Amino acid sequence: KNEVEQSPQNLTAQEGEFITINCSYSVGISALHWLQQHPGGGIVSLFMLSSGKKKHGRLIATINIQEKHSSLHITASHPRDSAVYICAVKKGGNTDKLIFGTGTRLQVFP
Amino acid sequence: KAGVTQTPRYLIKTRGQQVTLSCSPISGHRSVSWYQQTPGQGLQFLFEYFSETQRNKGNFPGRFSGRQFSNSRSEMNVSTLELGDSALYLCASSSGSGTDTQYFGPGTRLTVL
């Protein structure tokens, strides 16, 4: 079993819909990252969380440390949000090593 | 500030050859991590360098090696290339404190024929 599981694997939505992507992990972590990858490969870090909730524009990320679960929400989705969203966790210690989920491919249609 | 840069962006090699990929971190960043992304295995951690020292290593064979220079630039080398080494190789940099986010480069797409 993977240490980081994401769901769903694929997601299609109509423009304007509210989207939720889930991430569960089975190891102790010091931080959780949500990453966005567009076709062509470039990865952008959206959030780094160790507790609670963060918001940036239409994106909201939450984490529940006790339940080992995080969610990424996109409000008022737009076709430019179409990308692969990847959850990654960092275990404790002085390291940047990330363990990745398999990603969620999101397509938003106009 | 300039972002993380990787060279070359695309590379085609044949089995048995070796390859060297380069990563220049954001100015002031002292940590560079390398990752391999394939359709089958997804993203996997290769190794991490901080102040010219390997701080952590993933579960890859010894054909994969790396180093970091005094200016924090890093290189990774893959010797005796195999077809399965075809992948997108990404590097990411951070301050190295362990609490900062990482900034990813655009990647080097390696194709092994």
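If you're wondering where the values come from, they're calculated on a predicted model, not measured in any experiment. Order of the sequence lines fixes the chain letters, A, B, ..., with proteins taken first and strands second; residue numbering starts at 1 for each chain.
Nearest approach of B/L81 to B/T14, heavy atoms of both residues: CB-O, 4.1 Å. When every heavy atom of B/C23 is checked against every heavy atom of B/R73, the shortest pair comes out as O-CG, 3.1 Å. Heavy atoms only, all atoms of each residue included: A/A61 and A/L72 are closest at CB-CD1, 4.3 Å. A pairwise comparison of heavy atoms in B/V112 and B/L83 identifies O-CD2, 3.4 Å as the closest pair.
Only the side chain of A/I86 has a heavy atom closer than 4.5 Å to any heavy atom of chain B. Contact annotation for B/L90: only side-chain heavy atoms (C-beta onward) come within less than 4.5 Å of a heavy atom of chain A.
Interface remark: of the candidates B/F45, B/F50, B/F47, B/F45 forms the most heavy-atom pairs closer than 4.5 Å to chain A.
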Between chain B and chain A, are any donor-acceptor pairs under 3.5 Å, and how far apart is each one to 0.1 Å?
| residue | atom | partner | partner atom | Å |
| --- | --- | --- | --- | --- |
| B/S31 | OG | A/D96 | OD2 | 2.9 |
| B/Y35 | OH | A/D96 | O | 3.4 |
| B/Q37 | OE1 | A/Q37 | NE2 | 2.8 |
| B/Q37 | NE2 | A/Q37 | OE1 | 2.9 |
| B/E48 | OE1 | A/T95 | OG1 | 2.6 |
| B/E48 | OE1 | A/D96 | N | 3.2 |
| B/E48 | OE2 | A/D96 | N | 3.0 |
| B/R55 | NE | A/N94 | O | 3.2 |
| B/R55 | NH1 | A/N94 | OD1 | 3.4 |
| B/N56 | ND2 | A/T95 | OG1 | 3.0 |
| B/S94 | OG | A/D96 | OD2 | 2.4 |
| B/G98 | O | A/K90 | NZ | 2.5 |
| B/T101 | OG1 | A/S45 | OG | 2.9 |
| B/Q102 | NE2 | A/D96 | O | 2.6 |

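With rounding to the nearest 0.5 Å, the separation of CG in A/L59 from CG in A/L46 is 6.0 Å. Separating the CG atom in B/L11 from the CG atom in B/L110 is a distance of 5.5 Å, to the nearest 0.5 Å.
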A/V44 and A/L35: CA distance, side-chain angles, deciding distance, side chain to side chain contact (heavy atoms under 4.5 Å, CB included) verdict: CA-CA 6 Å; A/V44 173; A/L35 309 170; over 6 Å; no
